[in-house]
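Note that this is a predicted model, so its numbers are computed, not measured.
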Amino acid sequence: MKNNLLFTLGFLILCSSHLFAQDYDLNTYDFRYQKFRGLSLDFDLGSNGNQNFFSRQDTFARDSSFSNRYSNSSSFVFSPSYFSVINTDAVQRTVNASMRGDFSYNFTNRVSTQGSSKENRNDNELNILYSNTSRKYSGNRFKYFRFSSNMYLEANNDKDEVKGELNRKYDNKSLYNQTAVSYGFGRGRIDQVTDAVQAMFILKDLEELSGETYTNEQVEAIAKGITLIRNNRYLDFRIGYKTQLKMLDSVLQANGVSKEKSIDYFTSISDNWLYANRANRSSGSRWTHYATLSNRFGYDVTNWEGNLLFSPRYEYRREQQLTPSVSINTGYDCFHQQSLHVQTSYSFTASTGLDYAINDNESAYGTEPIADESVNPSYNERVRWISSLRGNYQYLYQANTRNLLTVNVWPGVQIERDIPQYMTPAISGRNAYNIVPSISANANYYHWFSPHLNINASGLLGTNGGYALEQNDFQYQKSQGTNINYNLRMGVNYQLF
């Protein structure tokens, strides 16, 4: 009897140390040593042209005509980008920076029996984005900081000449910038478990090949190894892939996985490393409380002169907006791994604050060149109290490394109320507010049937309403409206041979 009891106990211990990999609780994975960054530069030079000549001689009418047209279009596009992700016990930080410059020049020259004409056009755009979000931890509490800035510059001009005389001229310059700084504190943490999910899928495939089972300790050790491998980046993709595959094999061998290196073993880990769908998976919850100072600035000036040879028309327009704002915000995020295949998450943010908008505009129209005294100014100030509550719920189902379903729902409401004593020009007895509820949902599904067939389907459904009241000593106005939109897409990719 005693021997039977010892045998049973030993058997249970052996079984408990060889749990299936899919039994691992992803919510317990908290390895915090993600450090990776990347820098890329894309640029494109392009030029194309066209030469067209036509002539006609009519001996009966003793007439002849010709036309010669040449056009050229040149462009230069460059777009550098940089990202950095750090996740350690002490700090979580994400930095993104990008720039895109798009410059083009178009020229057309026409010469014909009727005369000649020229047209030149320049289009120049520059967009710069930067954001830095960081949480510095002390235990389970953190200090929160975020800085973001988006600047957009655009300059366009167009000139048209007929028989050597200026007929039309257009010039536009615009600048837009939005900058925000947030500072606050919070409690809790969101951990990245994507590498643990990938480790479990790799081990699941290897289980089917070898029949072996793997422990929770092996899952966690291999997930940490995947994290360290991905911290290394390579300029040459092929060299990087071969090196990373060797490192992955070393991690698997060091943890007692598949001692026999068969061709099926290498094709399995290669497929998981190169083609697996690494859906972003997280676990944990956190509260974040912060204040935000932001400012939006816009400047646009246009000068247009048209039909100068026939019926002259001149137009001048300048628009300038400045909108500083301050708000207090509270947000909550929660991610939970129901299983290897299912993730659920939800979040909400409550915000309240002041928005101060200043509009300083000028405009003029006429049949003569515009003089300073003919410019019509327009100036107004508006202060609003804005409060909002927004949320998000996501359901993610990842059957395997090929197939993925995500469903998102975003409800929200925003309430805006004017503060009349700070408005210019003042309106006696003014009382105005606006309520904007909204809700939208989308779903994306990708299914891989075979190397020859896969489908991708997506759907979006959204609605938002507006309920506004504007009242003063002279009028009473109430309005409401609803907008519903949807977008459905489905694609099938089938390779015949």
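Side-chain atoms of Arg230 and Asp195, non-hydrogen and from C-beta on, do get closer than 4.5 Å to each other.
Donor-acceptor pairing under 3.5 Å is lacking for the side chains of Ser378 and Asn361. Side-chain contact, Arg281 with Gln398: a donor N or O sits under 3.5 Å from an acceptor N or O. In summary, the side chains of Asn87 and Gln92 do present a donor paired with an acceptor at a separation below 3.5 Å, with no hydrogens or angles considered. Side-chain contact annotation: Ser98 with Ser81, donor-acceptor N/O pair under 3.5 Å absent. A donor-acceptor pair shorter than 3.5 Å can be found between the side chains of Asn127 and Asn150. Using modelled atom types and a 3.5 Å distance limit, the side chains of Gln244 and Trp273 yield a donor-acceptor pair.
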Item to check | Pair Asp191-Arg32, salt bridge (charged side-chain N to carboxylate O under 4.0 Å, His left out): steps then yes or no | outcome: CA-CA 8 Å; Asp191 284 305; Arg32 298 162 183 166; 2.8 Å; yes
Next on the checklist: Pair Leu175, Phe297 - check side chain to side chain contact (heavy atoms under 4.5 Å, CB included), show working.
Outcome noted: CA-CA 8 Å; Leu175 166 66; Phe297 174 76; 3.9 Å; yes
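Under a 4.0 Å N-O distance rule, the pair Glu208/Lys204 does not qualify as a salt bridge.
Distance check, rounded to the nearest 0.5 Å: CG of Leu45 to CZ of Phe78 gives 11.5 Å.
Aromatic rings of Tyr395 and Tyr393 (six-membered ring for Trp) have centroids beyond the 6.0 Å cut-off, not under it. If you look at Phe142 and Tyr137, their ring centroids are closer than 6.0 Å.
When all heavy atoms of Asn434 and Tyr467 are compared, the closest pair comes out as OD1-O, 3.2 Å.
Within a 6.0 Å radius of OH in Tyr486, other residues, nucleotides and ligands contribute 12 heavy atoms or fewer.
Under the 30°/60° scheme for interplanar angles, the aromatic rings of Trp287 and His289 are found to lie parallel.
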